[in-house]
Amino acid sequence: MMSQEQNDLITRTGPKDPCGKLMRSYWQPAALVDELEGARPIRPVKLLGENLVLFRDEQGRYGLIDRHCAHRGADLAFGRLEHGGLRCAFHGWLFDATGQCIETPAEPKDSKLCQNIRQRSYPVVEKSGILWAYLGEGEPPAFPELDCFVAPGTHTFAFKGHMACNWLQALEVGIDPAHASYLHRFFEDEDTSTAYGKQFRGASAGSDLPMTKILREYDRPIINVEHTEYGLRLIALREIDEERTHVRVTNQLFPHGFVIPMSTEMTITQWHIPVDDENCYWYAIFTSYTNPVDKQKMRDQRLELYELPDYKSRKNKTNDYGFDPHEQQTATYTGMGTDINVHDQWAVESMGAIQDRTKEHLGQSDKAIVQYRRLLRQEIEKVLGGEKPMLFLDEGNARSIQGPATMDGIGPTRGWETYWMEVDVKRRRGAPWIAPVPKEIADNVHRLTAAE
């Protein structure tokens, strides 16, 4: 358990909050590129508690500025895109992508009022299907050389979804290897050949055993947590028998992301972005190491659950997340259908808008949660002391963070320590794009053996 003060420290991300200062040290997903498609590329955005408006001007430049006009506070999300910027519909004040006011048409012709008017603005870059914003001070950091940023656009797909809860409890479900054996338990296994685009539905690498069977029947994983340059590495071991062990390697990507295997051919890199302290979005980039991603199929699958334009789930608290007691008795552990996003959403939203951690009781299976919270407090203190936090990179060391490696497969009970590395390296070397091999992995794998 922790005190209320400690819980507030690690959950609240407003401009004046210590954790908010930490979050503003990093690029944040602000919108999907898809959201600014169409004839009117303007989108209201709430990010880290700040009300903003995102737009693309006629020259293709992105702007992210305060949502309320510097004149008299009208809503710029209803503005007009013209003459090189976003024009307020109230009195016609025009702002360019940097927030500079360039016209005040209701003023006298010789007025120079606009020269001294600047709307607060933040830089925006496009990367792997997501528009990223930097809300911090000074020069923004460089992007690490993650697989999802290195892979070509043909081999990545980005999507998002809303959760009505604090960002931290949404993130923590992704660094909890034990929950998948319960929350995502299916009582019967499906044909794994139809598992494309669905997590935990395919076969585990190196076998024909469905992941649903492994999670269901081997539900007490041994969890190892390792500290890395990018956050944490989690290794969950489920011993099948004396000769075989299921190995799942996932990663916590500081400050609020994780990288996990989705299938033998695809990984998910996912961030949990505070809208405010009681809402967040997850943004995910799916990266393929084999064939180009079937983007239309992936998008159609997810739009069965998420409604546009806000990417909110059709299954939610108002309809009990589709809960069916008969299904819970006969088919799934939750009784909430087969989409694991619904399971996760119920779990984290049911905790309340901000989980009260003063009442929780953690066990051995929560060791990654404990380590992450310590890391989070440590990096918050760094920023408060004027230091740069971990993973704040400059161009000179951006390539120092690569990968990271993930794995989901059945290997030798003795020798799993190198087996997962070999599987990861083999996949990278076989990819149709140049997938970098992280140095720490390359140093430990000189040849392919068990993974072959």
Side-chain angles (χ1 to χ4, degrees), residues 23 25-30 32-33 124-134 140-160 171 174-175 199 226-235 248-263 265-273 281-290 292-293 295 298 372 375 379 388-408 420-421 423-425 427-443:
M23 291 300 182
S25 299
Y26 303 92
W27 288 99
Q28 302 287 339
L32 297 174
V33 172
V124 176
V125 297
E126 179 180 337
K127 208 165 187 67
S128 299
I130 294 175
L131 296 174
W132 301 77
Y134 180 67
F143 282 85
E145 200 169 78
L146 304 178
D147 293 339
C148 63
F149 297 146
V150 175
T154 53
H155 285 68
T156 62
F157 167 72
F159 201 77
K160 69 188 249 188
L171 167 69
I175 55 172
Q199 194 177 358
E226 302 172 2
H227 285 257
T228 68
E229 290 184 302
Y230 53 80
L232 302 172
R233 178 184 295 120
L234 286 57
I235 303 177
R248 181 171 172 84
V249 180
T250 62
N251 304 274
Q252 194 286 311
L253 184 65
F254 201 80
H256 49 25
F258 56 73
V259 186
I260 61 177
M262 180 180 179
S263 63
E265 65 177 277
M266 203 177 293
T267 59
I268 305 172
T269 308
Q270 185 163 309
W271 296 264
H272 292 82
I273 314 304
Y281 275 105
W282 59 261
Y283 281 81
I285 302 174
F286 302 82
T287 306
S288 172
Y289 298 83
T290 55
V293 176
K295 296 177 188 278
M298 295 280 283
Y372 171 71
L375 181 60
E379 298 306 305
K388 297 297 185 186
M390 72 182 306
L391 216 60
F392 186 98
L393 307 172
D394 58 32
E395 292 295 342
N397 62 11
R399 295 194 65 189
S400 66
I401 304 298
Q402 296 180 322
T406 67
M407 214 285 287
D408 191 341
W420 72 262
M421 297 183 191
V423 170
D424 182 71
V425 171
R427 179 171 62 178
R428 292 174 181 280
R429 290 177 178 168
W433 48 277
I434 301 175
V437 178
K439 186 176 185 302
E440 61 169 336
I441 304 299
D443 290 345

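In what follows, every heavy atom counts, from backbone to side chain, and hydrogens, waters and symmetry copies are set aside. Just so it is clear, the structure is predicted and the values come from calculations on it, not from any experiment.
Between Leu146 and Val259 the shortest side-chain heavy-atom distance does not fall below 4.5 Å. Here the side chains of Trp282 and Phe159 are in contact, with some heavy-atom distance below 4.5 Å. Pro29 places none of its side-chain heavy atoms less than 4.5 Å from the side chain of Tyr281.
Nearest heavy-atom pair, Phe286 versus Val293, reported as atom, atom and distance to 0.1 Å: O-CG2, 4.3 Å. The minimum heavy-atom distance linking Trp420 with Ala405 is given by the pair CZ3-CB, 3.7 Å. When every heavy atom of Phe392 is checked against every heavy atom of Ser25, the shortest pair comes out as CD1-O, 3.0 Å. Considering every non-hydrogen atom in both Gln402 and Lys439, the closest pair reads OE1-N, 4.5 Å. The minimum heavy-atom distance between Pro141 and Trp27, with the atom names listed, is O-NE1, 2.8 Å. Heavy-atom minimum distance, Gly174 versus Ile260: O-CG2, 4.5 Å.
The ring pair (Phe, Tyr, Trp, His ring centres under 6.0 Å) check on Tyr230 picks up nothing, with sequence neighbours excluded.
Checked against the 6.0 Å centroid criterion, the rings of Phe149 and Trp132 qualify as a close aromatic pair. For Trp433 and Tyr289, the distance between ring centers is under 6.0 angstrom.
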Subject >> Stepwise side chain to side chain contact (heavy atoms under 4.5 Å, CB included) check, Trp271 with Gln28 >> reply: CA-CA 9 Å; Trp271 296 264; Gln28 302 287 339; over 6 Å; no

Subject >> From CA spacing to verdict: side chain to side chain contact (heavy atoms under 4.5 Å, CB included), Glu440, Arg233 >> reply: CA-CA 12 Å; Glu440 61 169 336; Arg233 178 184 295 120; 2.6 Å; yes

Subject >> Derivation of the side chain to side chain contact (heavy atoms under 4.5 Å, CB included) call for Leu232 and Ile175 >> reply: CA-CA 9 Å; Leu232 302 172; Ile175 55 172; 5.5 Å; no

**OP:** Dump the intermediate steps for side chain to side chain contact (heavy atoms under 4.5 Å, CB included) on Ile130 and Leu32, then the final yes or no.
**Re:** CA-CA 4 Å; Ile130 294 175; Leu32 297 174; 4.1 Å; yes

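Here CE of Met262 is found 11.0 Å from OG1 of Thr287. Values are rounded to the nearest 0.5 Å. Between atom CD of residue Glu226 and atom CG of residue Asn251 there is a gap of 9.5 Å, rounded to the nearest 0.5 Å. Taking CD1 of Ile273 as the start and NZ of Lys160 as the end, the distance is 10.0 Å to the nearest 0.5 Å. A distance of 6.0 Å separates OG1 of Thr406 from CG of Asp424, quoted to the nearest 0.5 Å. Between atom CD1 of residue Ile268 and atom CZ of residue Phe258 there is a gap of 7.0 Å, rounded to the nearest 0.5 Å.
Test Glu265, His155, Arg427 against Thr290 for side chain to side chain donor-acceptor pair (under 3.5 Å) and you get one pass: Glu265.
No more than 12 heavy-atom neighbours from other residues, nucleotides or ligands sit within 6.0 angstrom of CD on Glu229.
Pairs passing the salt bridge (charged side-chain N to carboxylate O under 4.0 Å, His left out) check and including a residue from residues 147-159, sequence neighbours excluded, read Asp147-Arg428.
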